[in-house]
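Remember, it's 1-based here, ligands and their atoms both numbered in the order they're listed. No hydrogens, no waters, no symmetry mates; every other heavy atom, side chains included, goes into these values.
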Amino acid sequence: MTSEEHPPQDSLHLLDHTLGLLHKSAPALMATEELDTLVHLCLSLLVTPNGGNFQNAILLMVNPRAHSMQGILGLNRNSVGWTIPAADHWEFPPELEQEQHETDFCQKAQHLRLSCAPGDNRAALAVLEQRAVSTAESMPESDLDRLLDGRDYICLPLQDWERAFAVLVVSNDSTPFPNEAQRRFLQLFRHHAQLAMTKCRLLQKVEASRQDLNAFEERLIQQEKLATIGEMAASLAHELRNPLMAVGGFAALLQRQLEPESQAGEYAGIITREIQRLEKLLNNILDFSKEQIACVEDYRLDSLLADILELELPTMLGRGVTLDTELAHKLPPLKGDSQQIRQVLLNLIRNALQAMSGGGNLTVRSHLSRLRGEPSLCVEVEDTGGGIPTNLLRNIFNPFFTTKEEGTGLGLSVCHRIIEHHHGVIEVVNKEHGACFKLHLPLHLAKADPGPWHRF
Ligand code: ADP
C-alpha cells in the first residue's frame with residue numbers, strides 16, 4: 001500500500017496499517033519541539049484519509065485554576081489539507097497551521113468551553129477518572145455532542161507526571177464507534193501523543209526557567225554594581241566632608257569680614273552657598289549608605305500628615321500651589337518608625353512641589369485599603385506637574401537617578417527602602433495632569449514583630 005491510499009478494510013490489513021501508522025508517527029511526534037506544531041501533527045494524523053481516517057479530532061486543554069477545558073484545535077477529515085508523506089522525513093508546513101485554524105470546524109472547536117465538574121460531560125469524566133470515556137456511556141447532552149452533530153466519539157485524557165493536562169476527542173461516522181480495534185489503536189496513539197506533548201511542555205518550562213534565571217542574574221549584577229557604587233560614594237563623601245567643612249567655615253569667616261557689596265564679599269557668599277549645597281549632598285549620600293536604626297512604635301498617620309502639611313503650607317503658598325486634602329479621620333494606629341515615614345512623606349511632597357515650579361495643585365489623600373489581602377492604610381500624593389515620562393518610570397527609585405540639575409537622586413530610593421522595611425509598597429502612576437505616588441502601609445507589621453528597636 002502506498003501512503004496516498006485510504007486504509008484497508010479487512011481486519012488483517014487494517015491491523016498492519018494501524019501498526020505501521022504508529023510505528024511511523026512515533027519518531028515524527030517525538031522529533032517535534034514546538035507544542036503548537038505537535039498538536040496540529042497529532043490531530044492531522046488522526047483525521048487524514050491515509051492516516052487514522054477518523055471524521056473529527058479535537059484537543060481540549062485543561063485549565064486547573066478555572067476548573068474548565070478549552071478547545072485548542074479541531075480538525076475534520078475533509079478539510080485537514082495534509083496527507084502522510086511517503087518519505088520517512090516529515091515536514092509539517094507552518095502555513096498549514098494557519099489554514100487549519102481558519103476552517104469552520106476549528107473556529108467552532110476553539111469556542112468550546114467545558115466545565116470540569118463530574119457528571120457534566122464525558123471529557124470531564126475522562127479527566128477526573130483518568131480513563132477513556134466514549135458515547136457508549138450515557139450522559140446529558142453537552143456542547144461537545146452538539147459540535148460533533150450527535151456522532152459517536154471517545155475522550156482520551158492526556159496525562160503528565162502529575163495530572164491530566166488535555167483531552168483528545170475523536171469522533172467517527174461509523175457506528176458503533178469505537179470498535180475494539182479502533183479503541184486499541186487510539187489508546188496506543190494517546191500514549192505517543194501524551195509522551196511527545198509532555199516532552200514539549202517540559203522544554204517550554206526549561207526555556208521559561210532559563211529566561212527567569214537570566215533576568216535574575218542581570219538584576220543581581222545590577223544590584224552588585226549599585227552596591228559597589230554606593231560604597232565608593234560613601235567613602236568618597238566621608239573623605240570630602242571634613243576638608244569641605246573647613247573650607248566652608250573659612251569662607252563664612254571671610255564673608256563676615258568683607259563688605260557684602262564688594263566683589264570679594266559677593267564671591268565669598270557664592271563659595272559659602274555652594275559649599276552648603278555640597279555638604280547637603282554629602283550628608284544625603286552618607287544617610288543613604290549607612291544602616292538605619294528604626295524605632296518601632298505606634299503612631300497615627302492622620303496627625304503625622306496634619307503636622308507635615310502645616311509645615312509645608314507656607315512653601316506651597318509661596319510657590320503658587322493650592323492644597324486639596326481628602327483625609328480619612330480616625331484611622332487606626334500604625335506600627336513603625338514615624339520619623340522615617342515622615343521623611344518619606346516630606347520627600348514626596350517636596351518632589352511634587354519641585355515638579356510644579358510654575359504653580360499648581362497638590363492633593364493629599366489617605367484612606368483604609370488592603371495590601372496582599374491584609375488591612376492597610378494608603379496615602380496618595382498627587383500633583384499637577386506634568387508627570388514622569390514613561391521611559392523614566394522604571395528608573396526613578398534607583399539610587400542616584402535624577403533629572404534635576406541640583407538633585408541627588410537619592411530621595412526616592414531612600415523612600416523605597418524605608419517603605420520596604422515597613423513591609424509596605426510604594427508605587428507611582430501618571431494621572432491626567434501629573435504624578436501620583438501611593439504608599440501602602442500594612443496595619444500590622446510582619447508576624448515576627450521585630451520589637452521596639454529594629455535595625456533596618
Ligand atoms: P531628586 O529629587 O534628588 O532628583 P528623587 O530620588 O527624589 O531624587 O527623584 C528622582 C527623580 O524622580 C527626579 O529627579 C524626577 O525626575 C522624578 N520625580 C520624582 N518625583 C516626581 C514628581 N512628583 N513629578 C515628576 N517627576 C518626579
Give the residue and atom name of whichever protein heavy atom lies nearest to [atom], and the separation in Å to one decimal.
atom	value
atom 24 (N) of ligand 1	A355 CB, 3.5 Å
atom 5 (P) of ligand 1	L412 N, 3.6 Å
atom 2 (O) of ligand 1	K404 NZ, 2.7 Å
atom 7 (O) of ligand 1	N351 ND2, 2.9 Å
atom 23 (N) of ligand 1	D383 OD2, 2.8 Å
atom 17 (C) of ligand 1	I396 CG2, 4.0 Å
atom 11 (C) of ligand 1	F401 O, 4.0 Å
atom 21 (C) of ligand 1	F437 CE1, 4.0 Å

Atoms of ligand 1 close to [X] [distance to a heavy atom under 4.0 angstrom, numbered from 1]:
X	value
I388	25 (C), 26 (N), 27 (C)
T408	3 (O)
G407	3 (O)

If you draw a 6.0 Å radius around [atom1] in [X], do more than 12 non-hydrogen atoms from other residues or ligands fall strictly inside?
X	atom1	answer
M232	CE	no
E432	CD	no
Q70	CD	yes
K108	NZ	no
H416	NE2	yes

Could you check whether any heavy atom of [X] sits closer than 4.0 Å to an atom of ligand 1, since that is the contact criterion I want to use?
X	value
G409	yes
G387	yes
F397	no

Would you be so kind as to tabulate the donor-acceptor pairs closer than 3.5 Å made by side chains of residues 355-366, with sequence neighbours excluded?
unit_1	atom_1	unit_2	atom_2	d
N361	OD1	T363	OG1	3.2
N361	ND2	T322	O	3.3
N361	ND2	T322	OG1	2.7
R365	NE	E326	OE1	3.1
R365	NH1	E380	OE1	2.8
R365	NH1	E382	OE1	3.0
R365	NH2	E382	OE1	3.0
S366	OG	A328	N	3.2

key: Any residue meeting salt bridge (charged side-chain N to carboxylate O under 4.0 Å, His left out) with E218, in chain and number order, not counting sequence neighbours   = none

Under 3.5 Å: N/O of S413 near N/O of ligand 1 =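 In fact, backbone or side chain, S413 has no N or O that close.
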
message = Quick check: Q354 and ligand 1, any N/O pair under 3.5 Å apart?
response = no

query = Is E374 salt-bridged to R372, going by a charged N under 4.0 Å from an acidic O?
reply = no

ask   = When the aromatic ring centroids of H444 and H423 are compared, is their separation below 6.0 Å?
value = no

task = Flag this pair as yes if the NZ/CZ of R201 is under 6.0 angstrom from the six-membered ring centre of F165 and inside a 45 degree cone about the axis; otherwise no.
result =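 Satisfied, under 6.0 Å and within 45°.
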
key: Option whose closest heavy atom lies nearest to atom 4 (O) of ligand 1, chosen from T402, L393, T403   =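 Minimum heavy-atom distance to atom 4 (O) of ligand 1 goes to T402.
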
